[in-house]
*Asks:* 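This structure is in structure tokens; I'll ask about it shortly.
Residues: numbered from 1 along the sequence shown.
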Amino acid sequence: MPESGNVRLATIADLDSLVGLEEAGFATDRFSRSLLRGLIKGPNSAVFVVDPEGAVAGYACITWRKGGRTAYLYSIVVTPALQGKGLGKLLLQRCELEGSSKALTVMRLEVRPDNPTAIAFYERNGYAHVGTSPGYYEDGADALVMEKRLDLTAAAMKLDVPYYSQTFDFTCAPACLMMAMKLFDPSVRFERSLETQIWKEATLAFMTSGLGGCEAFGVAVAGLRRGFHARVIVSSRKPPFLNSVRAHFKKEVIELVHSNLLREAHERGAGIDYRPVTLDDISDGLAAGEVPIVLISLHRMHGFKAPHWVVVTGYDGDGLFVNDPYRVPHDKLGRSPEGLRIPKAEFARMIGYGKEGLRSAVFISR
């Protein structure tokens with residue numbers, strides 16, 4: 001299994017680390033600082049770094065031509081001290097995912113014929129030798145050309161989202177947002193203080209009895225306030241959970257809070273789409289590198305009726321992988337709340353809550 005590591009898009013702040021990796025990983029054909037800068041900022045390229053312990057330990061870059069169907073693995077390198085721990089595979093999978101999300105159908109790369117370790121690595125990951133590029137390298141050496149068809153497989157569609165268990169009955173949405181944020185920013189700390197602060201920002205104040213739950217626009221706004229991008233798909237323009245309370249003044253509070261959150265979501269640039277969220281929406285979000293936070297009913301998962309938010313971390317065509325923040329101390333089925341695989345048809349029945357069948361999801365990205 002690959003070593004756990006956060007794979008993220010590189011920024012200009014990573015330039016020194018990328019230059020250092022080039023110097024440590026290649027004796028010739030090194031990328032210059034200016035070339036790396038251009039790849040980070042370019043419209044037809046993407047640079048990813050992996051930082052398993054908060055320090056950049058490897059990077060990979062792909063490029064593509066506008067209107068083309070081929071992605072080019074332009075470079076991939078892991079610091080020598082951490083080679084053989086699966087970080088290269090994490091980077092390669094993220095590059096393949098990026099290519100698939102842009103409707104590219106082939107990944108192509110060049111590798112030195114006198115580098116059997118690299119050739120074996122690519123072969124293990126599904127690449128085949130398709131040709132030779134004469135005089136490709138600075139020293140005049142030829143390059144082997146290898147290719148792989150890009151399909152959205154289970155491996156490519158699995159995001160390494162860290163797990164956090166909600167510590168209150170009403171903080172499933174904050175726990176989900178914290179998981180999504182930490183995937184993109186390892187400095188996010190899993191603390192109850194953050195959990196309750198996000199709940200204060202995202203809650204509608206009243207729902208069923210006691211403390212209230214969070215709605216999609218509240219989750220989106222809490223993420224936007226912290227520098228992340230968020231988009232919302234929701235099936236209704238009405239405030240959610242109104243039928244969960246009877247008192248008129250409670251309904252009025254929900255309506256006012258919902259209106260304020262919706263306005264702020266618009267002002268902060270959230271994407272908003274009013275329609276029922278589908279499994280295709282979820283898989284497309286994963287393919288684009290987003291973390292879907294989806295509203296479900298707890299009835300089918302834990303046996304009682306209540307709205308509940310979960311993080312979808314992967315999709316393999318027949319099922320979805322879920323981080324469920326609601327940790328049951330002694331699950332009778334022996335299931336883990338982290339990376340729980342739910343059959344596609346079953347998850348489709350879980351989506352939605354209430355008599356109106358509210359279907360909603362928030363997609364968080366860097």
*Asks:* Go through the steps for Tyr72 and Arg65 under the test side chain to side chain donor-acceptor pair (under 3.5 Å), then give the verdict.
*Replies:* CA-CA 9 Å; Tyr72 299 88; Arg65 296 188 180 97; 2.6 Å; yes
*Asks:* Rounded to the nearest 0.5 Å, what separation is found between the CG atom of Leu262 and the CD atom of Glu267?
*Replies:*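 Rounded to the nearest 0.5 Å, the CG-CD separation comes to 10.0 Å.
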*Asks:* Considering all heavy atoms of both residues, which atom of Gly88 and which atom of Ile76 are nearest to each other, and what is their separation?
*Replies:*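 Between these two residues, the closest heavy atoms are O-CD1, 3.6 Å.
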*Asks:* So which residues get pulled into Val145's cluster when ILVMFWY side chains under 4.5 Å apart are joined, directly or through others?
*Replies:*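 Joined to Val145, directly or through intermediates: Val130.
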*Asks:* To the closest 0.5 Å, what do you measure between CZ (Phe31) and CZ (Arg33)?
*Replies:*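 Going from CZ on Phe31 over to CZ on Arg33, the span is 15.0 Å.
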*Asks:* To check you understand the geometry: which heavy-atom pair defines the closest contact between Met179 and Pro162, and what is its length?
*Replies:*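 Residues Met179 and Pro162, closest heavy atoms: CG-O, 3.2 Å.
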*Asks:* Just to verify, what does Asp273 make a salt bridge (charged side-chain N to carboxylate O under 4.0 Å, His left out) with, not counting sequence neighbours?
*Replies:*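 Scan of Asp273 (salt bridge (charged side-chain N to carboxylate O under 4.0 Å, His left out), adjacent residues dropped) gives Arg275.
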*Asks:* So how far is it from Leu36 CG to Leu21 CG, rounded to the nearest 0.5 Å?
*Replies:*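 If I round to the nearest 0.5 Å, the distance is 9.5 Å.
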*Asks:* Show your reasoning for whether side-chain contact (heavy atoms from CB on, under 4.5 Å) applies to Met350 and Phe347.
*Replies:* CA-CA 5 Å; Met350 290 181 180; Phe347 192 81; 4.2 Å; yes
*Asks:* To the nearest 0.5 Å, what is the distance between OG (Ser360) and CH2 (Trp309)?
*Replies:*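 Interatomic distance, Ser360 OG to Trp309 CH2, rounded to 0.5 Å: 4.0 Å.
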*Asks:* Determine whether Tyr163 and Val291 fall in the same hydrophobic cluster, where Ile, Leu, Val, Met, Phe, Trp and Tyr are linked whenever their side-chain heavy atoms lie under 4.5 Å apart.
*Replies:*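 Yes, one cluster joins them.
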*Asks:* I would like to know whether Val234 and Leu295 meet side-chain contact (heavy atoms from CB on, under 4.5 Å); could you show each step before the answer?
*Replies:* CA-CA 10 Å; Val234 60; Leu295 180 69; over 6 Å; no
*Asks:* Minimum heavy-atom separation for Val219 and Ala202, please, with both atom names.
*Replies:*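 Result for this residue pair: N-CB, 3.8 Å.
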*Asks:* I want to check something: taking the side chain as every heavy atom from C-beta on, are Asn260 and Val257 in contact at a cut-off of under 4.5 Å?
*Replies:*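 The answer is no; the side chains never approach within 4.5 Å.
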*Asks:* So which atom in Leu224 and which in Ala270 form the shortest heavy-atom distance, rounded to 0.1 Å?
*Replies:*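 Where Leu224 meets Ala270 most closely, the heavy atoms are CD1-CB, 3.7 Å.
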*Asks:* Distance from Leu87 atom CG to Asp51 atom CG, nearest 0.5 Å?
*Replies:*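 Result: 10.0 Å between the selected atoms.
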*Asks:* Do Trp64 and Val106 share a hydrophobic cluster (ILVMFWY, side-chain heavy atoms under 4.5 Å, transitive)?
*Replies:*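 No, it is not one cluster - the side chains of Trp64 and Val106 are not joined through contacts under 4.5 Å.
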*Asks:* I need the single residue from Leu286, Val294, Ile233 that forms a side-chain contact (heavy atoms from CB on, under 4.5 Å) with Asp281. Which is it?
*Replies:*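 Only one of Leu286, Val294, Ile233 forms a side-chain contact (heavy atoms from CB on, under 4.5 Å) with Asp281, namely Ile233.
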*Asks:* Hey, what's the ring geometry for Trp199 with Phe170, parallel, tilted or perpendicular (30° and 60° as the breaks)?
*Replies:*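 Plane angle between 30° and 60°, so tilted.
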*Asks:* Take Arg226 and Leu194, measure what side-chain contact (heavy atoms from CB on, under 4.5 Å) needs, and give me the verdict at the end.
*Replies:* CA-CA 11 Å; Arg226 289 163 175 80; Leu194 178 59; 3.9 Å; yes
*Asks:* May I have the step-by-step check of side chain to side chain donor-acceptor pair (under 3.5 Å) for Arg192 and Thr167, ending in yes or no?
*Replies:* CA-CA 7 Å; Arg192 297 185 89 192; Thr167 62; 3.0 Å; yes
*Asks:* Examine distances only and state if a side-chain atom of Ser283 and a backbone atom of Asp280 form a donor-acceptor pair shorter than 3.5 Å.
*Replies:*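 The answer is yes, because a donor-acceptor pair under 3.5 Å joins these two groups.
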*Asks:* Are the charged groups of Arg8 and Asp14 less than 4.0 angstrom apart, N to O?
*Replies:*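 A salt bridge links Arg8 with Asp14.
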*Asks:* Let me see the working for Leu39 and Leu18 under side-chain contact (heavy atoms from CB on, under 4.5 Å), right down to the final yes or no.
*Replies:* CA-CA 11 Å; Leu39 291 170; Leu18 301 187; over 6 Å; no
*Asks:* Just wondering, more than 12 heavy atoms not from Asn115 lying within 6.0 Å of its CG?
*Replies:*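 Counting other residues, nucleotides and ligands, CG of Asn115 exceeds 12 neighbours.
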*Asks:* For Leu279 and Ala348, work out which heavy atoms get closest and say how close.
*Replies:*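 It is CD1-CB, 4.1 Å.
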*Asks:* So, are Lys251 and Glu255 salt-bridged, with charged N and O less than 4.0 Å apart?
*Replies:*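 Looking at Glu255 together with Lys251, the answer is no, because their closest N to O distance does not fall below 4.0 Å.
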*Asks:* Could you tell me which non-hydrogen atom of Ser45 sits nearest to which non-hydrogen atom of Gly38, and how far apart they are?
*Replies:*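 In this case the closest contact between Ser45 and Gly38 is OG-O, 4.2 Å.
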*Asks:* Could you grab the distance from atom CD1 of Ile342 to atom CZ of Phe321, nearest 0.5 Å is fine?
*Replies:*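 Ile342 CD1 to Phe321 CZ: 10.5 Å, rounded to 0.5 Å.
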*Asks:* Mind checking salt bridge (charged side-chain N to carboxylate O under 4.0 Å, His left out) for Glu110 and listing every partner two or more places apart, or none if nothing turns up?
*Replies:*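 Partners of Glu110 by the salt bridge (charged side-chain N to carboxylate O under 4.0 Å, His left out) criterion come out as none, since no residue qualifies.
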*Asks:* Is the closest side-chain heavy-atom distance between Tyr164 and Lys182 below 4.5 Å?
*Replies:*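 No; the side chains remain at least 4.5 Å from each other.
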